[in-house]
Asker: 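Starting off with a structure, shown below.
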Amino acid sequence: MSMTYVIACDVLVDGEQLYWSNTDGWGCRETADTFTSDERHRLNLPLEGVWHPDSPAEIHTAM
């Protein structure tokens with residue numbers, strides 16, 4: 001099974017974790033885009049973005 005990733009904002013905004021959407025920019029987790037391992041290695045992150053596995057348990061422990 002291939003791993004997927006989300007991009008989380010490195011900085012909390014008003015105490016909330018934000019996630020990247022190619023359409024909307026920074027927003028809630030529900031609107032975040034997911035990326036493949038290949039995309040993770042090819043794409044540039046937005047400013048203040050960090051890669052995190054697309055798994056709630058792994059995101060929580062990585063933060």
Asker: With the 4.5 Å side-chain cut-off for hydrophobic clustering, are Leu47 and Tyr19 part of the same group?
Answerer: no
Asker: Grouping I, L, V, M, F, W and Y whenever their side-chain heavy atoms are under 4.5 Å apart, do Trp20 and Val11 come out in a common cluster?
Answerer: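 Result: no, two separate clusters.
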Asker: For Pro46 and Trp26, work out which heavy atoms get closest and say how close.
Answerer: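 For Pro46 and Trp26, the tightest heavy-atom pair comes out as CG-CZ2, 3.9 Å.
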Asker: Please find the pair of heavy atoms, one from Val50 and one from Leu45, that lie closest to each other, and give the distance.
Answerer: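 Here Val50 and Leu45 meet closest at CA-CD1, 4.1 Å.
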Asker: Which atom names give the shortest non-hydrogen contact between Asp33 and Thr23, and what distance separates them?
Answerer: OD2-N, 4.3 Å
Asker: So, for Pro53 and Met3, which heavy atoms are closest and what is the spacing to 0.1 Å?
Answerer: CB-CE, 3.3 Å
Asker: Once you round to the nearest 0.5 Å, how far does NE2 of His52 lie from OG1 of Thr4?
Answerer: 13.5 Å
Asker: Think Arg40 forms a cation-pi with Phe35, using NZ or CZ under 6.0 Å from the six-ring centre and within 45 degrees of its axis?
Answerer: no
Asker: Show the nearest heavy-atom pair for residues Glu39 and Thr34, with the distance to one decimal.
Answerer: OE1-O, 4.2 Å
Asker: Check ring-ring contact (aromatic ring centres under 6.0 Å, His included) between Tyr5 and all other residues, then give those that pass, not counting sequence neighbours.
Answerer: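 Not a single residue meets the ring-ring contact (aromatic ring centres under 6.0 Å, His included) criterion with Tyr5.
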Asker: Rounded to the nearest 0.5 Å, what separation is found between the OG1 atom of Thr36 and the NE2 atom of His41?
Answerer: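 The OG1 atom of Thr36 sits 9.0 Å away from the NE2 atom of His41.
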Asker: Once you round to the nearest 0.5 Å, how far does CG of Leu18 lie from CG of Asp10?
Answerer: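 Spacing of CG (Leu18) from CG (Asp10) equals 11.5 Å.
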Asker: Which residues pass the side chain to side chain donor-acceptor pair (under 3.5 Å) test with Ser21, sequence neighbours left out?
Answerer: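 Here no residue qualifies.
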